[in-house]
Amino acid sequence: MKHYCHTCLLPLLLLLAGCGDKQPADAGKPAGVVEQASVVMAEEEGKELFELYCIACHGAGPGHPGTMRLQERLGEEKAALLNRDELPPAYIKTVVREGFKLMPPFRPTEITDSQLDALTAYITAGKES
Amino acid sequence: MVTRRKFLKSSFAAAGVPLVSQAGQVLPDGSSTGPDEKLLPETLSLADFNQAIAELRHVVGKKWVFTDEERELRTYRDVYATVPDEAHMPSAAVAPKTVEEIQAILKIARSYKIPLWTISTGKNFAYGGPAPLKPGNFVLDLNRMKRIIEVNEEHGYAVVEPGVSYFDLYNYLQERGSKLWIDPAAPGWGGVLGNMSEHGAGYTPYGDHLLMNCGMQVVLADGTVVDTGMGSLSNAATASMYKYGCGPWVEGMFTQSNFGVITKAGIWLMPEPPGYRPYLVTFPREEDLYQITEIVGPLRLNMLIPNAATTVGLIWEAAPRVTRKQYYSGKGPMPMSNRRKMADDLDIGMWNFYGALYGPEPIMDNNWKVLEEAFRSIPGAKFFFEGDRPGDPAWRYRVKLMRGVPNMTEFSLMNWVGSGAHIDFSPRSPVTGEDSMRQFTLIRDRAHEYGFDYIGEFLVGWRELLNIFQLVFDRLNEDERRRAHECFGVMVNDFAEQGYGEYRTHLDFMDEVAGTYNWNDGALWKLHHRLKHALDPDGILSPGKSGIWPAA
Ligand SMILES: Cc1cc2nc3c(=O)[nH]c(=O)nc-3n(C[C@H](O)[C@H](O)[C@H](O)COP(=O)(O)OP(=O)(O)OC[C@H]3O[C@@H](n4cnc5c(N)ncnc54)[C@H](O)[C@@H]3O)c2cc1C
């Protein structure tokens, strides 16, 4: 059984975030060979989820608290989440379920595990916002 | 091995925060809950817990009962609390989809005496988020109930289930080309029903959400389903059009309470007006609040200002654009000279009044003449309209809120201290210059005394002045967390002494705030308790909500 708590996990999150740019370029891509059609469907679902749950804080430009904070911490280029195709999927999933400082966690009744897969695939697909 | 519990215990002790046992009792230092004990509601054995979980899974499906403390249940934390997560950690969560499932869950809860903490969208941050008051409670999470049951374009209302967020309803109306507006609270992810049940507020002329509620469906603890008001007619024709039905009006009883589970609510929606003209007036001095309030009061009362007129403090207005570090790197509250510099740089005031005109052009033109003349009487007042503040996110989100477009910009306020947390202190007073200044100076001075900046705004609901003070703190800084907690408690007392009550409060202060409503030996809360014990004799619904507890 793994044991951790929010306060001791945070430094880990920060660390992971800080070295995000050192990940290999394809670290964020879903593993394995997936059917083209289901990729497209998952991406569409991912996009919808992103627009419903994330974009209000992580959209590009001013007025987005997530973007504002990431810009302060990581700089302009890494401010908008959709420019972050280097983020490892596991990291995104952890942030969504654990929260990250002012970003509260998302419950499985809001985003199910399989939806989280789709959402993560969408973010890491490297779309420009 | 350091178990999670042991680790937490040591980190709490370091934070000076008392550890709470599985029975919800504060443990003395050095006491133990046993190695890796499963968090449980008091009065429930592990065997019963497991049995109840099996039964709940049978009702809603395995997928919708959550017991994993490491992953699933951690998503129910209140990440903005001044106390550690564990003070409000549930032992399970269950997420029904239908009223019938809720009835079956209540039956199980009654037979095992399981406390169920009801949430809808569960975004009650600043007041507790999705977390239960007592550790070990189960969360009854209604977020899967997402049906928009009816939208009536002609009569201007919607009927929604608990899981419908402002974003959901807004998108639904937009997709259908509806000409109805919604009235979101500042967090667009909040829920139409959940926010209304907390007496929440928005910024269009329909900003008083409970006032705009019309008809409810409630499931009582014994499983009885009640439709209120006109909805209780067998062939109800006006369930969402006339609020009061015949006989006692009971809706209010199910809000900010634990007397039932609301499963449906009607909400009036404002028809899009022929014109909308938002404006901002900035004022250079802190003392101007007196005059602003004196001016706004009567204008709001006679509805020349038809929406929740909001006078926003300097830092609140600045925070969507800049952070504290950019203007001050010292400890404690930011000094006035730095604040002035920031106000000048951003072209904002010590106070910033947001309002809007709604209606046909000639009416807006005429009303504006009256408003402009009134505000001009304050020296240094500056006026801004659409187009005057390009690229200013503070202006932009207010313009959205006052016309019912949901967004999340206000969370930027927590970036003031670098992605912090906050709890809201929200007292109400009469709408007079004197009361506004008294509220403001009381809060500002206390905030400063405890080392925090004053981040506040004043809303004139109608006949009352609501001050929202966002106590923003860095949750990772244990000293700051403790100071925030202490500061809040002191303010509750300060305000009670002035006869000002909070309209709503955070989980950790519910008993304390309830205790200030103490006239005639606490007669009102005694009444609440009589109702509670009659309607929910097993005490299963949201124990402690608003300081209302099951019988001992
Ligand atoms: C930055 C920021 C800005 C904010 N601005 C505003 C604002 O402008 N206006 C405002 O009103 N609030 C504001 N809040 C406070 C809060 O976040 C919102 O009120 C939010 O809408 C509440 O969460 P919710 O709608 O998801 O309701 P929920 O969390 O679902 O419900 C809130 C509470 O109501 C009760 N409840 C919920 N559903 C039921 C039910 N079905 N039956 C019985 N009881 C139930 C429960 O006690 C629950 O804890 C703000 C918070 C933050 C962090």
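Computed from heavy atoms alone, side chains included, the values below leave out hydrogens, waters and symmetry copies. Naming: A, B, ... by sequence-line order, numbering from 1 per chain.
Comparing B/D78, B/T121, B/D392 by how many heavy-atom pairs each has under 4.5 Å with chain A, the most go to B/T121. Annotation: maximal heavy-atom pairing with chain A below 4.5 Å, among B/T323, B/D474, B/L142, B/L413, occurs at B/T323.
Rounded to the nearest 0.5 angstrom, A/S114 OG and B/K63 NZ are separated by 5.5 Å. A distance of 10.0 Å separates CG of B/N415 from OG1 of A/T67, quoted to the nearest 0.5 Å. Taken to the nearest 0.5 Å, the CH2 atom of B/W189 stands 6.0 Å off from the SG atom of A/C57. Taking NZ of B/K123 as the reference point, atom CZ of A/F106 lies at 5.0 Å (rounded to 0.5 Å). In this structure, CZ in B/R144 is found 10.5 Å from OG1 in A/T112, a value given to the nearest 0.5 Å.
In this structure the side chain of B/N171 reaches within 4.5 angstrom of the side chain of A/L52, judged on heavy atoms. A heavy-atom distance below 4.5 Å is found between the side chains of A/P105 and B/R77.
In terms of heavy atoms, B/S412 sits closest to A/M68 at CB-SD, 3.9 Å. The two residues A/R97 and B/R71 come nearest to each other via the heavy atoms NE-NH2, 4.0 Å. The minimum heavy-atom distance between A/G63 and B/T409, with the atom names listed, is O-OG1, 2.8 Å. Counting all heavy atoms, side chain and backbone alike, B/F66 lies closest to A/T109 at CE1-CG2, 3.8 Å. When every heavy atom of A/P108 is checked against every heavy atom of B/W64, the shortest pair comes out as O-CZ3, 3.8 Å. When all heavy atoms of A/K101 and B/G418 are compared, the pair lying nearest together is NZ-O, 3.1 Å.
A donor-acceptor contact shorter than 3.5 Å is absent between the side chain of B/Y76 and the backbone of A/R107. For the pair B/N407 (side chain) and A/A56 (backbone), a donor-acceptor distance under 3.5 Å is absent.
Neither the backbone nor the side chain of B/P406 comes within contact range of chain A; no heavy atom of the residue lies under 4.5 Å from a heavy atom of that chain. Using a 4.5 Å cut-off between heavy atoms, B/Y397 does not touch chain A at all. Looking at A/E110, both its backbone and its side chain come within 4.5 Å of chain B, counting heavy atoms on both sides. No part of B/A93 comes within reach of chain A, as not one of its non-hydrogen atoms sits under 4.5 angstrom from that chain. Neither the backbone nor the side chain of B/V139 comes within contact range of chain A, judged by heavy atoms closer than 4.5 Å.
Other residues, nucleotides and ligands contribute over 12 non-hydrogen atoms within 6.0 Å of the CD atom of B/Q326. The 12-atom threshold is not exceeded at CD of A/E48, counting heavy atoms of other residues, nucleotides or ligands nearer than 6.0 Å. Enclosure of atom NZ in A/K47 is not indicated, since only 12 or fewer non-hydrogen atoms of other residues, nucleotides or ligands lie within 6.0 angstrom.
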